[in-house]
*Asks:* 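Dumping the structure here so I can ask a few things about it.
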There are 2 protein chains.
Amino acid sequence: MATVSSLTYDDLGSAAQRDRRRRILDATMALAARGGFDAVQMRAVAEQADVALGTLYRYFPSKIHLLVSALARQFEETQVSLGRKPIPGDTPADRVAFVLARATRGLQKEPNTTEALTRAFMFADSSVAGEIHVVGLQLTAMLNRALKGADYVEGAEPTEEELAVARVISDVWLAALVSWVTGRLSAQEVTDHLDTAVRLLLR
Amino acid sequence: MATVSSLTYDDLGSAAQRDRRRRILDATMALAARGGFDAVQMRAVAEQADVALGTLYRYFPSKIHLLVSALARQFEETQVSLGRKPIPGDTPADRVAFVLARATRGLQKEPNTTEALTRAFMFADSSVAGEIHVVGLQLTAMLNRALKGADYVEGAEPTEEELAVARVISDVWLAALVSWVTGRLSAQEVTDHLDTAVRLLLR
DNA sequence: GGTAAAACTGCAACGTGTTTCTATTATGCC
DNA sequence: GGCATAATAGAAACACGTTGCAGTTTTACC
């Protein structure tokens with residue numbers, strides 16, 4: 001089970017290569033938005049990104065790598081935009097609920113995209129460990145910022161307990177997302193579900 | 001997204017058909033045990049079950065339906081064997097931890113099988129809703145029995161709170177399972193992770 | 001036992017992810 | 001500028017999930 005990995009932004013030397021990578025991820029997101037996981041077909045991505053199929057595979061060794069990398073890029077952008085203002089809410093529970101509600105709203109707006117990215121994330125095997133790790137770090141960082149609120153400082157070690165709480169919440173979030181994507185939960189139920197979990201954990 | 005469904009045991013009239021179904025699921029588990037998700041190839045399942053490919057698809061409309069149905073059957077058996085004795089432990093937390101630890105141990109023994117079933121479960125889309133619902137019910141029932149202990153009676157309504165706790169725990173379990181399958185968590189970490197979540201929730 | 005319907009077999013074919021290969025183009029170095 | 005190397009294009013081929021179909025067998029019913 002070799003760990004193959006996608007070419008990250010930093011790996012790429014030339015501007016042309018970074019641009020190719022960007023075009024590929026853009027095409028991936030566009031196709032995902034239109035038709036979800038099934039619509040993200042490698043030939044279609046290559047064509048829309050104006051890149052040969054072989055090149056696409058050089059940048060992302062599988063469809064799953066591609067989609068998880070797209071998820072990671074998306075998360076980065078969310079992080080940046082979320083980082084501009086302090087998170088509203090007086091208690092950790094309020095702030096976490098705020099962040100989750102906001103994220104959930106964002107996902108609802110593009111249900112096909114969410115379906116594509118979520119299913120790829122859940123289907124990933126160990127060869128995608130690197131890409132998944134990136135996403136995991138981002139998620140943890142986001143939740144930690146919410147838990148700590150104004151006390152948050154970059155790189156500060158969370159306590160054991162905070163870490164555990166953040167982990168459970170992201171687990172619940174992931175499970176809820178999967179349920180929503182497969183039509184087992186409505187958007188409202190996802191939010192309720194998350195609120196309940198936060199309430200149970202942060203009391 | 002039509003909801004197609006697998007033929008359940010009860011659907012099948014004749015003994016020959018029930019036997020075909022059993023052979024198919026046996027073949028599925030055997031192949032899964034040997035090589036995981038990728039080794040469960042529809043042609044191979046059909047051949048090993050001594051059934052034509054078309055027949056296999058008549059019983060299970062997709063590979064995912066097939067694997068999730070195999071998971072459901074597995075769960076049923078676990079339920080039955082678990083139902084024979086009261087669950088040890090004086091507190092809900094102890095009993096839940098016991099059940100989870102036991103289940104986790106069981107999964108470790110057949111990592112390839114676990115990988116196959118877990119990935120199918122996570123990849124399932126809404127057409128598999130029926131099969132997934134069955135698994136969900138079994139999981140919920142199991143956790144409720146553990147929460148209630150000796151007070152458990154068949155069909156008793158759990159409280160809102162109990163339900164919420166059980167749901168969060170199964171979410172954490174699922175997420176842990178996915179992490180284990182993809183090599184992000186060791187078996188020990190899965191157990192620890194679950195214990196921590198139980199401790200946070202049942203205090 | 002005969003017959004219509006349903007189930008099953010065997011096999012070919014299609015779609016999409018993935019691999020492979022050759023020719024062409026871009027890049028870095030002297 | 002010229003050359004070695006790497007990157008890319010283009011296209012064919014392979015693998016496996018899935019579908020379709022003609023012929024055969026089993027089942028249900030009278």
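By convention in this document, chain letters (A, B, ...) are assigned in the order of the sequence lines, proteins followed by strands, and residues within each chain are numbered from 1.
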*Asks:* Judged by each residue's nearest nucleotide on DNA chain C, which is more toward the 5′ side, A/Gln41 or A/Gly54?
*Replies:*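 Mapping each residue to its closest nucleotide by heavy atoms, the 5'-most match is A/Gln41.
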*Asks:* Look at A/Arg119 together with A/Glu115 and state whether they make a salt bridge at an N to O cut-off of under 4.0 Å.
*Replies:*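 A salt bridge is present here (some side-chain N lies under 4.0 Å from a carboxylate O).
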*Asks:* Counting only side-chain heavy atoms from C-beta out, which of D/dG17, D/dA9, C/dG17 sits nearest to B/Tyr57?
*Replies:* D/dG17
*Asks:* Provide, to the nearest angstrom, the distance between the NZ atom belonging to A/Lys63 and the P atom belonging to C/dG15.
*Replies:* 16 Å
*Asks:* Just checking B/Phe123 against A/Phe37, ring centres under 6.0 Å apart?
*Replies:*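 Centroid separation for B/Phe123 and A/Phe37: below 6.0 Å.
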*Asks:* Reckon A/Tyr59 has a side-chain N or O less than 4.0 Å from the OP1 or OP2 of D/dT8?
*Replies:* yes
*Asks:* On the six-membered ring of A/Tyr59, is A/Arg20 placed so that its NZ or CZ lies under 6.0 angstrom from the centre and within 45° of the ring axis?
*Replies:* no
*Asks:* Does B/Arg58 get its side chain close enough to the base of C/dT9, under 3.5 Å, for a donor-acceptor pair?
*Replies:*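 Side chain to base: no pair below 3.5 Å.
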*Asks:* Select one nucleotide: of C/dT9, D/dT18, C/dT18, the one nearest the side-chain heavy atoms of B/Ser62.
*Replies:*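 Within the option list, the nearest is D/dT18.
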*Asks:* Under 3.5 Å, is there a donor-acceptor pair linking the side chains of A/Glu131 and A/Ser69?
*Replies:* no
*Asks:* Within the side chain of B/Arg184, is there an N or O that forms a donor-acceptor pair under 3.5 Å with the backbone of A/His133?
*Replies:*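 No; zero donor-acceptor contacts below 3.5 Å.
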*Asks:* Where the side chain of B/Gln17 is concerned, which of C/dC8, D/dA7, D/dT18 is the nearest nucleotide?
*Replies:*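 The closest nucleotide is C/dC8.
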*Asks:* Pick out which of A/Val135, A/Leu137, A/Leu117 makes a side-chain contact (heavy atoms from CB on, under 4.5 Å) with A/Phe75.
*Replies:*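 Filter result, single survivor: A/Val135.
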*Asks:* Given atom CG of B/Leu56 and atom P of C/dC11, what is their separation to the nearest angstrom?
*Replies:* 17 Å
*Asks:* Name all pairs fulfilling the salt bridge (charged side-chain N to carboxylate O under 4.0 Å, His left out) condition that reach into residues 22-41 of chain A, sequence neighbours left out, sorted by first residue then second.
*Replies:*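 Listed by first then second residue: A/Asp19-A/Arg22, A/Asp19-A/Arg23, A/Arg22-A/Asp26, A/Asp26-A/Arg73.
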*Asks:* Starting at atom CD of A/Glu47, determine the distance to atom P of C/dG17, rounded to an integer number of angstrom.
*Replies:* 13 Å
*Asks:* Can you tell me how far P of C/dC14 sits from CZ of A/Arg43, to the nearest Å?
*Replies:*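 Rounded to the whole Å, the gap is 15 Å.
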*Asks:* Using a cut-off of strictly less than 4.0 Å, decide whether B/Thr55 has a side-chain nitrogen or oxygen near OP1 or OP2 of C/dT9.
*Replies:* yes
*Asks:* Could you state the atom-to-atom distance from CZ of A/Arg119 to P of C/dG17 in whole Å?
*Replies:* 12 Å
*Asks:* Would you kindly give the CG-to-P distance between A/Leu53 and C/dT18, to the nearest whole Å?
*Replies:* 10 Å
*Asks:* Give the rounded distance in Å between these two atoms: CE of B/Met42 and P of D/dT19.
*Replies:*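 My rounded result for the distance is 10 Å.
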*Asks:* Encode nucleotides 24-30 of chain D as B, S and - characters from 5' to 3', where the letter depends on protein heavy atoms closer than 4.0 Å: B to the base, S only to sugar-phosphate, - to neither.
*Replies:* -------
*Asks:* Please report the distance, rounded to the nearest Å, between CD1 in A/Ile64 and P in C/dT18.
*Replies:*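 My rounded result for the distance is 7 Å.
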*Asks:* Report which part of the nucleic acid B/Val45 touches: base, sugar-phosphate, or nothing (heavy-atom distance under 4.0 Å, all strands).
*Replies:* nothing
